[in-house]
Structures are given as C-alpha cells and as structure tokens.
Asks: 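Please find one structure pasted underneath; my questions will follow.
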Number of protein chains: 2
Amino acid sequence: MVRKTKAEAAATREALLDAAEEMFIQHGVARTSLEQIARHAGMTRGAVYWHFKNKADLFHAMLQRVRLPFQELVEALDDPELVKKPLEAIRLACISGFEHLERPRYRRVHAILIHHCEVFSDIDPLAMQNEMAEESCGALRDYFQCAARLGQLRNDISPALATQLLQSMLGGLFHDWLRNDGSFSIYEEGSRLVKTQLALMQPHP
Amino acid sequence: MVRKTKAEAAATREALLDAAEEMFIQHGVARTSLEQIARHAGMTRGAVYWHFKNKADLFHAMLQRVRLPFQELVEALDDPELVKKPLEAIRLACISGFEHLERPRYRRVHAILIHHCEVFSDIDPLAMQNEMAEESCGALRDYFQCAARLGQLRNDISPALATQLLQSMLGGLFHDWLRNDGSFSIYEEGSRLVKTQLALMQPHP
DNA sequence: AGGTATCCATACACTTTCGCATGTAAAACG
DNA sequence: CGTTTTACATGCGAAAGTGTATGGATACCT
C-alpha cells in the first residue's frame, strides 16, 4: 500500500503534526528527530520529507493550527452594549481566551513554543511571543483608554499603567499554568484574578 | 604550556562557564556544542571534559553561580520596623530582587533557563522554575497573611488571592523583561508596578 | 630533587541525524 | 484504459557531536 487518496494524504499530514506535538512536548523540539516523529505516527521519514521541507517547516505548520488573535476574541463577543463598558469587554475577552487555551491542542502548542523550544534555523520563538504580546497589549490599551474617558477607571491610574498591570498578570498566570502542566484550571483561576484586578481598578463607589 | 597553577585552572573553569553563557544565550543550549564553548574560551574540548562530566554537568554548574532565594532578600533588609508594615517589606524585597536581576550575569542565566533551554538528560528547567516560584510564593503568602491580621489589606481580598495576583504580575513582568532582552529597566518598571499594585490592595483611607 | 598528580591538547571510534536519491504501487486524469 | 503524477518507503553518503583513551609538560608535594 503506497499511494493514498487525497483525503488520506491530508489525514497523514495531520497525524504527523499530532505526533510532532506529542514528541516535542515530551522530549523537547531539539531532542526529537524526524525519525521519531514519523515512527510515532506510523510512518517513515519519507512521509515527513514529502509533506514538509524540514523540521523548521513542520514546526511552522504546527503553529499555524493554533493562531488566535486577541482582537478577534473581543469582536466575537458581538454585544453592542459592551462599548459602554470597556472593562467588562476586557473581562469577557479574557475569559473567552482562557476557554480557548484549555483545549488540549492549544495548551500543548503554546507550552512547546514557550517552554520546549529554543531558537533554531528559521524560527525565533521569542520574536513570535513578542509579536503576540504586542498585539494583545495594543488592544488592551485601547479599551483602558476608552474606560478612562468614560470615567470607569481610577484617575490615579493611567491607561498605560493599567495595561501593563493586567498584561503582566495575564502573562504570569499563563506561564504558571503552562509550567504546571495544566494542573489547575486557567479558566477558573484566570476568571477570579481578572475579575478582582479589574474591580480594584474601578473608581470607588 | 600545559600544566597551570591552581588559580589559573580555576580561572579557566570560570572562563568556560562565561563562554557557555554567551553561546547558550546566542544559539540556545541544545544548538551549542562543547567544541564551540571551548573554542570561544580559547580552549579545546579536553578542558571542558576535565572540568565537567558533560554538558548537563556544565549547565548545572552555571546555574549554581546565580542562585538567589527570595527569603534572603527580605532578611537582608534587616529593618525591625518592617514587621509592622508587611506590604512595605514586600515592596522593598521586590525592589531588591530587581536590583539583583539587572546584573548582567543574573539576567543572562535566567534568560537561558527560561527561554533558551529545553529538557535534556539530567536537567529539568521547568522543575527548577517551579521550585523557585513555590519558594517565593510561600514567603509572599506569609507577609500578606500578616498584613491581613494587621488590617492593612482590603478585607474583600484574601491573602491567598493577593499572593496570586502579585505573584502572577511579577512573573509576567519577569518574562516580558527577559523576552525583550532587557530593553527596559525591570528595576524602574517593576518598582512602579509593585507600588501601584500594593497601593490598590490597601484599605481605603 | 625526584616522583606524582594535575591540567589540558590531540586523536580516534562510535552514534545520531540529516538531506537526497531512488524505487514503487496505486490514485488521478484525459 | 493507458499515462502521469502522487504519496510514500527504502537506502546511502556526508556531517556533526559525543565520550574516551592517550600523550605530554609542568606545578606541587615530600
């Protein structure tokens, strides 16, 4: 059995990516050979080299399956009332993000990107992380500025400062969660932390 | 010239560790060979294998040069008045920690541990990070509990929640700082963030 | 002063991995 | 239905890295 139908070929490609995820998170990116990935998917290296140029190309393809931009999380809420309550919009967007992250594939790939891969050849994971951080940070800032204009932010805290506080808190929580192998629910913990932090930032009643 | 005096031998050992730091942070741990480390220090692999058992042993020795426990930071303050002001103790300890981290060697090694190394053979960087996180987290919790007893913490925020908030914020800031290659001062940014966050947690005047 | 342990360079064998070249049977296409 | 292309498996050469064995010159000790 050699030649497969087009659907089967696409399935083996996905299977290779799945196998790569599991091997990467178990042994690290650098320590897993293309042979191990292929064998774990029930294939040989020939399949890998047919679907991907090399390990960097495979790695890049793996990341493409989990991209989630922050702005889309807010837009997905699709509630016109939220323009009047930007802090609430932030809270709901964070919760939505937590839900996404708890899906196994998202958790695995982000854990790989942050904890299980070094710089190699084509790919610079730190640059990718910076890119994602900058993106969400910019969106956050917009909403905090909106909140400040509406008087829904303590006036002794600038929008920029509020952004940094929340951004750092989210990042720290995210890293803790990944580092502890998802031993707690980032959805529950994150919801509590974000709710508390945003409450602290609101003006006194 | 082969046999060196004991002081010279110790110097070459340090030089090897210095070279390892630079190569690790530049190319990642897995992608740098012992040959590269030795050549960069003006030696050959023979010197490396004399001073260290293998790469994992060298890596471990590199980490031993920068260990800094959180509790010692507080004790180093050595101000008896601080037992009455636990939040201030936390703030000063964080600032002291930031000062340590800005020293180039500390920054380099932590960046390597967090961003430039994968699990390999003997060493599990995630376990090390968890150990360090647990340690500082426990110390933080003690001080927040003390603050709660003294009525210096908002009573709608439990000490555990306050600990998680600050811990996450510090971790996120730390990662951002390392990821951005120290492009901003963690001392200045961190001082502002910690000061603001602690102020938010205090009861209304 | 002589012997020995130290400190490091050099050389060699071995393993691992990569990239490519080739083989091949079935699916896709006209 | 014949031809071409696809979707892999297999095999080979080259390169890199590791661990160790050996050599040698000198600092250190008695």
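Fair warning: this is a prediction, and the values are worked out from it, not measured in the lab. All chains are named by letter (A, B, ...) in the order of the sequence lines, taking the proteins before the strands, and each is independently numbered beginning at 1.
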Asks: Is the shortest side-chain N/O distance from K4(A) to OP1 or OP2 of dC8(D) below 4.0 Å?
Replies: yes
Asks: Return the value, rounded to whole Å, for the distance between atom CD of E35(B) and atom C1' of dA9(C).
Replies: 11 Å
Asks: Decide yes or no on side-chain contact (heavy atoms from CB on, under 4.5 Å) for T196(A) and Q164(B), but give the supporting numbers first.
Replies: CA-CA 11 Å; T196(A) 307; Q164(B) 289 182 347; over 6 Å; no
Asks: Can you list the residues that meet the side-chain contact (heavy atoms from CB on, under 4.5 Å) rule with A11(A), with sequence neighbours excluded?
Replies: none
Asks: Quickly, which of R105(B), R13(B), R108(B) forms a salt bridge (Lys or Arg N to Asp or Glu O under 4.0 Å) with D18(B)? Name it, please.
Replies: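 When R105(B), R13(B), R108(B) are each tested with D18(B), the salt bridge (Lys or Arg N to Asp or Glu O under 4.0 Å) holds only for R105(B).
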Asks: Rounding to an integer number of Å, can you tell me how far E8(B) CD sits from dC28(D) P?
Replies: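 Computing the E8(B):CD to dC28(D):P distance gives 9 Å.
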Asks: Check the distance between dT17(C)'s C1' and R31(B)'s CZ and give it to me in whole angstrom.
Replies: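 Taking atom C1' of dT17(C) as the reference, CZ of R31(B) is at 12 Å.
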Asks: Could you state the atom-to-atom distance from CD of E14(B) to P of dC8(C) in whole Å?
Replies: 12 Å
Asks: CZ of R39(A) versus C1' of dT17(C): gap in Å, rounded?
Replies: 15 Å
Asks: Measuring from the side chain of L34(A) (C-beta onward, heavy atoms only), which nucleotide among dC18(C), dA28(C), dC28(D) has the closest atom?
Replies: dC18(C)
Asks: Please confirm whether the shortest side-chain N or O distance from H51(A) to OP1 or OP2 of dA7(D) is below 4.0 Å.
Replies: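 Negative; the distance criterion is not met.
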Asks: Is there side-chain contact between F98(A) and L173(A), with heavy atoms separated by less than 4.5 Å?
Replies: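 Yes, close enough: below the 4.5 Å cut-off.
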Asks: Looking at T5(A), I'd like to know whether one of its side-chain N or O atoms comes within less than 4.0 Å of OP1 or OP2 on dA28(C).
Replies: yes
Asks: Which pairs, protein N/O on one side and nucleotides 11-15 of chain C N/O on the other, fall under 3.5 Å?
Replies:
none

Asks: Do E102(A) and R107(A) pass the salt bridge (charged side-chain N to carboxylate O under 4.0 Å, His left out) test, and can you show the C-alpha distance, the side-chain angles, and the key distance before you say yes or no?
Replies: CA-CA 6 Å; E102(A) 285 208 334; R107(A) 195 186 69 73; over 6 Å; no
Asks: Choosing from dC18(C), dA9(C), dT10(D), which nucleotide comes nearest the side chain of T44(B)?
Replies: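 Between dC18(C), dA9(C), dT10(D), the one nearest the side chain of T44(B) would be dA9(C).
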Asks: For W50(A) and dC8(D), is the shortest distance between a side-chain N/O and OP1 or OP2 below 4.0 Å?
Replies: no
Asks: I need the CE-C1' distance between M43(A) and dA9(D), as an integer number of Å.
Replies: 11 Å
Asks: Of the candidate nucleotides dC18(C), dT17(C), dC29(D), which contains the atom at the shortest distance from the side chain of Q36(A)?
Replies: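 Nearest to the side chain of Q36(A) among the choices is dT17(C).
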Asks: Hey, does Q167(A) have a side-chain heavy atom less than 4.5 Å from the side chain of L170(A)?
Replies: no
Asks: Look at the side-chain N and O atoms of T12(A) and state whether any lies under 4.0 Å from the OP1 or OP2 oxygen of dA7(D).
Replies: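 So the side-chain polar atoms of T12(A) never come under 4.0 Å of the phosphate oxygens OP1 or OP2 of dA7(D).
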Asks: Would you mind reading off the distance between I37(B) atom CD1 and dG19(D) atom P, rounded to a whole angstrom?
Replies: 12 Å
Asks: Specify the residue among S33(B) and A7(B) whose closest nucleotide of DNA chain D lies further upstream toward the 5′ end.
Replies: S33(B)
Asks: In whole angstrom, give the distance that lies between atom CG of N54(A) and atom P of dC18(C).
Replies: 10 Å
Asks: Mind checking whether L34(A) and F52(A) have side chains closer than 4.5 Å, heavy atoms only?
Replies: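 Contact flag for L34(A)/F52(A) side chains = no.
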